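Worksheet for the structure shown next.
Treat the numbers as computed from the prediction; the structure is a model and nothing was measured. Hydrogens, waters and symmetry mates are skipped; everything else that's a heavy atom, side chains included, is used.
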Amino acid sequence: MSSYTCITCRVAFADPDIQRAHYKTDWHRYNLKRKVADMPPVTAENFQERVLAQRAVVEEQGKETATYCTVCSKRFATFNAYENHLKSKKHLELEKKTTQAVTKKVELLNEKNLEKGFGPESVDKDAMNKAIQQAIKPQPSMSPKKNTSTEQESVTLSVPGKQVVQSKTRPDKPPRLQWYEQQAKKLTMQEGESEAMAEDEEEGWEDMDYPEEEEEDDAESDEEMEDVGVDERTLTSNESTPPVDGIPITDCLFCPHHSRSLMKNVAHMTKVHSFFIPDIEYLQDLQGLIAYLGEKVGVGKICLWCNEKGKSFYTTESVQAHMNDKSHCKLFTDGDAALEFADFFDFR
C-alpha cells in the first residue's frame, strides 16, 4: 500500500518526488479551490476535458471579437487593439489619403458627366458618399514600406502652408566607435609630444650672455607672458566649452535639466538620478570629470555603465533614456576601468 497520498485530489503515489510534482500542477490547484468552495474534487481526465472546453470557448470568442482594418489591410485579435489602431496617427493619415484619392476619381467622373450633358442636380450626393466608402474598403495598404537596402530615414516636418522633408542619414560608424577612435588619437598625440619634450631636455640648452638691460626687459616680458598665460588658463577652465554635441557642465547627463552652476547640476544628478562619484575624497578636478562625461554621453552616445558593451546609440536622447530605464546613471570603475578617470583623481 502506498504511503504517499494527496487528500485533496484523493490519489496515491508510489514515490515522494511524484507527490511533490503533483502539488505544483494546475489540477491540484483547481481541486484546492473547489475544496475551499465545499465542492468535490475532479479527476485528472475530467480536469483535462474542462481545460480543452475552456480553450475552445476562448478561441471562439477571439474569432468573434477579431476585427479587420480595410484601409491598412491589417487584422487585430482583440477589439481594444482595433480601437487603438483607429485612433493612431498612421491610420488616420492613410485613411485621409485614400479618401482624397477616391474623391478625385469621383470628381473626374462628375466632370465627364457634365461634358455629356448631365447637370449637377442629377448627382445624388448620398449615393456618391456611399460609393466613396465602398471604394475605400478594398484598398490595400498604402503605407510606405521600409527600404532595407539603405539606412536613410526621412522626417516630415509640418510647417504652416507646406511640408518640409528632411533626411537623416545614419553614419557608417556608430558614434561610440568614432569617439573611441578620437580618444585613441589624442593619446597617441600626447605620447608623441611627451617623447619630443623628453628628447629636447636630453639635448640641453646653450647658455647665452645678454646685457643687463636686455635681461631686465626679458624678465619683464616673461612676467607679462606668465600673467597672460595664467589668465588664459583660468578663462578656459572657467568657460570649459564642450565640443560639438557635448553636454555642458551645467546640464544634466541623464535628462534635459539645466542648472545655474556646476555644483547645482551635480546635486540634481545625485538627488534625481542617484548619481555618485566613487572615491570623491580623492577627486581633484570635478569640472574636468563632468566635462569629460558630457563629451562621452553627448558626442560618443555612450552609456556610462555599459561603455563599449551593449547596443550602439545614435542620439543623446536614446542613450539618456537607456541609462534611466536600466538604472545605469553611475560610473563603471571595476578593475582596469577605473584607469579611464585617473587624470581627474590624485591618490597620493
Donor-acceptor contact below 3.5 Å, side chain T250 vs main chain R260:
no
Do L283 and F344 touch side chain to side chain, with heavy atoms closer than 4.5 Å?
yes
V266, W305: one ILVMFWY side-chain cluster at the under-4.5 Å cut-off?
no
Just distance, no hydrogens or angles: give the donor-acceptor pairs under 3.5 Å from side chains in residues 48-58, sequence neighbours left out.
{"unit_1": "R50", "atom_1": "NE", "unit_2": "N46", "atom_2": "OD1", "d": "3.4"}
{"unit_1": "R50", "atom_1": "NH1", "unit_2": "Y30", "atom_2": "OH", "d": "2.7"}

Under 3.5 Å, side chain of R10 to main-chain N/O of P41, donor-acceptor pair present?
no
Can V272 be reached from L331 by stepping across I, L, V, M, F, W or Y side chains whose heavy atoms are under 4.5 Å apart?
no
Can you label the angle between the Y292 ring and the F341 ring as parallel, tilted or perpendicular, going by 30° and 60°?
perpendicular
Name the orientation class of the two ring planes belonging to H328 and H322 (parallel below 30°, tilted from 30 to 60°, perpendicular beyond 60°).
perpendicular
Counting N and O atoms only, with roles assigned by atom type, does the side chain of N265 sit under 3.5 Å from a partner on the main chain of H258, one being a donor and the other an acceptor?
no
Could you please spell out the steps behind the side-chain contact (heavy atoms from CB on, under 4.5 Å) verdict for Q284 and F345?
CA-CA 5 Å; Q284 297 296 321; F345 290 84; 6.0 Å; no
First locate atom SG of C6, then atom CG of L32, and finally report the distance between them rounded to the nearest 0.5 Å.
7.0 Å
Rounding to 0.5 Å, atoms CD1 (I277) and OG1 (T333) come to a distance of 11.5 Å
Cluster overlap F275 with L262, hydrophobic side-chain contacts below 4.5 Å:
yes
Could you go through the side-chain contact (heavy atoms from CB on, under 4.5 Å) check for K301 and S318 one step at a time?
CA-CA 8 Å; K301 312 296 187 289; S318 59; over 6 Å; no
State yes or no: do V11 and Y23 share one hydrophobic cluster built from I, L, V, M, F, W and Y residues joined by side-chain heavy-atom distances below 4.5 Å, directly or via other members?
no
Is the shortest side-chain heavy-atom distance between C255 and H268 below 4.5 Å?
yes
Return the NE2 to CG distance between H91 and L94, rounded to the nearest 0.5 Å.
8.0 Å
Verify the distance criterion only: is there a donor paired with an acceptor across the side chains of D251 and H257 at less than 3.5 Å?
no
Say whether, by atom type as modelled, one donor and one acceptor occur between the side chain of D285 and the main chain of G288 under 3.5 angstrom.
yes
Minimal heavy-atom distance between C329 and N324, with the atoms involved, is SG-OD1, 3.6 Å
Any side-chain heavy-atom pair of F47 and T25 under 4.5 Å:
no
For V319 against C303, the heavy-atom pair lying closest together:
CG2-N, 3.6 Å
Tightest non-hydrogen contact, residues Q320 and I247, listed as NE2-CD1, 3.9 Å
NE2-NZ distance between H273 and K330, expressed to the nearest 0.5 angstrom:
14.5 Å
Gap between atom CG of L253 and atom CD1 of I290 - 0.5 Å precision:
6.0 Å
Would K296 and E340 count as a salt bridge (charged side-chain N to carboxylate O under 4.0 Å, His left out) here? Give the steps.
CA-CA 12 Å; K296 186 175 182 179; E340 180 183 1; 2.9 Å; yes
Does any N or O in the side chain of Q287 come within less than 3.5 Å of the main-chain N or O of I249, such that one atom is a donor and the other an acceptor?
no
Taking a hydrophobic cluster as the set of Ile, Leu, Val, Met, Phe, Trp and Tyr residues connected by side-chain heavy atoms closer than 4.5 Å, whether directly or through intermediates, do W27 and Y4 fall within one such cluster?
yes
L286/M263 under side-chain contact (heavy atoms from CB on, under 4.5 Å): CA gap, chis, key distance, verdict
CA-CA 9 Å; L286 175 62; M263 297 307 297; 3.7 Å; yes
For the residue pair H22 and H28, does the interplanar ring angle fall in the parallel (under 30°), tilted (30 to 60°) or perpendicular (over 60°) class?
perpendicular
All heavy atoms of C9 vs all of N31, minimum pair found to be SG-ND2, 3.1 Å
Rounded to the nearest 0.5 Å, how far apart are CD of E93 and OG of S88?
9.0 Å
Side-chain heavy-atom pair V297, L304 within 4.5 angstrom cut-off
yes
Does R34 use its side chain to pair, donor to acceptor, with the backbone of M39 at less than 3.5 Å?
no
Is it the case that over 12 heavy atoms from other parts of the model lie below 6.0 angstrom from the CG atom of D336?
no
